[in-house]
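Report on the structure given below.
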Amino acid sequence: MTTEAYRTPRGPGASTLVIKRSRFVGAIAPVPDEPAARAFLHEIRTQHGGAVHHVYAYVLRQGGASRHSDDGEPRGTGGLPVLEVLRRENIFDACCVVARYFGGILLGAPGLARAYAAAAKAALDDAGVAERRAWTLVAMSFPYAAWRQAQLEIAEAGGVVEEAVFAAEVTCHLAIPATALPALANRIAEITSGRAQIRIKSETFL
């Protein structure tokens, strides 16, 4: 698993802009994969069934997949501006949909592109942005005498102790940023004179 951090919407976000009587309703949400992105698009289309267009774009971290659609608007005036907002803000694992209720006044290609981009950016601003980093879930076992020093080393490395089990020795279950694990493992080996046992349980993004 890559250890590179990435930005994603903190949660769902929404926006409504009225431009020359057309109403642009933006919606954005974090999505883990393409089925989730399609499900979100279907949800927004259902909610805004009266809209004449449902422009969308999504970007996924895994494989760098991205898709966008103008949904009947002139080519390049809807989906691409929404996608460019996500790319400019360095957002991944996100789907943004902008539903347009036509107000009877033509906006022209530049006007449409600006409107869709503005609705997408406003929805993202409403959602907020979170940075997700790779974390490793680890089990460490070591003698009791090393426990206090191990706690200090784990905290210094940015790790979080989730559970400590006290039996014949201390077994500590913790989460730590993936990039910090090698240095922590070395320090724990030093303070336990090589008696520590370290087992990687899993990896995840948090």
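Small disclaimer: the values here were computed from a predicted structure and weren't measured. Just the heavy atoms: all of them, side chains too, but no hydrogens, waters or symmetry mates, feed the values below. The chain is numbered in sequence order, starting from 1.
- Atom CD of Q47 has more than 12 heavy atoms from other residues, nucleotides or ligands within 6.0 Å.
- In this structure, I176 shares a hydrophobic cluster with V138, M140, F142, Y144, W147, I154, V161, F166, V170, L174, L181, L184, I188, I191, I198, I200, the cluster being traced through Ile, Leu, Val, Met, Phe, Trp and Tyr side chains under 4.5 angstrom apart.
- Listed here is the closest heavy atom pair of D93 and P32: OD1-O, 4.5 Å.
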Next item on the list: Go through the steps for R100 and F102 under the test side-chain contact (heavy atoms from CB on, under 4.5 Å), then give the verdict.
Entry: CA-CA 6 Å; R100 181 191 181 193; F102 184 54; 3.2 Å; yes
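- Considering all non-hydrogen atoms of both residues, A180 and A157 come closest at CB-O, 3.5 Å.
- For E89, the salt bridge (charged side-chain N to carboxylate O under 4.0 Å, His left out) partners are R7, not counting sequence neighbours.
- Heavy-atom minimum distance, H68 versus A57: CB-CB, 3.8 Å.
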Next item on the list: Output, in order, the C-alpha distance, side-chain angles, deciding distance and verdict of side-chain contact (heavy atoms from CB on, under 4.5 Å) for S202 and L137.
Entry: CA-CA 5 Å; S202 63; L137 306 183; 3.2 Å; yes
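- Note that the CG atom of D70 and the CG atom of L80 stand 7.5 Å from one another [nearest 0.5 Å].
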Note to self: Please evaluate residues V55 and V97 with respect to the criterion side-chain contact (heavy atoms from CB on, under 4.5 Å), reporting the C-alpha separation (whole Å), side-chain torsions for both, the decisive distance (0.1 Å), and the verdict.
What the structure shows: CA-CA 6 Å; V55 162; V97 185; over 6 Å; no
Next item on the list: Assess whether side chain to side chain donor-acceptor pair (under 3.5 Å) is satisfied between H48 and Y101, documenting all intermediate values.
Entry: CA-CA 9 Å; H48 297 281; Y101 292 84; 2.9 Å; yes
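- What you find for F40 and A29 is that their closest heavy atoms are CE1-CB, 3.6 Å.
- Taking the charged nitrogens against the carboxylate oxygens, R187 and E190 do have a contact shorter than 4.0 Å, which makes a salt bridge.
- Side-chain contact between R195 and E169: absent, with no pair of heavy atoms (C-beta onward) separated by less than 4.5 Å.
- Atom CD of E131 has more than 12 neighbouring heavy atoms from other residues, nucleotides or ligands inside a 6.0 Å radius.
- Of all the heavy atoms in L17 and A119, the pair that sits closest is CD1-N, 3.5 Å.
- Between F205 and Y6, the ring centre distance stays below 6.0 Å.
- In this structure, K201 places its NZ atom where more than 12 heavy-atom neighbours from other residues, nucleotides or ligands lie under 6.0 Å away.
- Annotation: side chain of I91 is not in contact with side chain of V59 (no heavy-atom distance under 4.5 Å).
- No continuous path of hydrophobic side-chain contacts links L83 to Y58 [ILVMFWY only; heavy atoms under 4.5 Å].
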Next item on the list: Apply the test side-chain contact (heavy atoms from CB on, under 4.5 Å) to residues I28 and L86: give CA-CA distance (whole Å), side-chain angles for both, the deciding distance (0.1 Å), then the verdict.
Entry: CA-CA 10 Å; I28 194 169; L86 299 179; 3.8 Å; yes
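- For Q197, the CD atom counts as loosely surrounded, since its 6.0 Å shell holds 12 or fewer non-hydrogen atoms of other residues, nucleotides or ligands.
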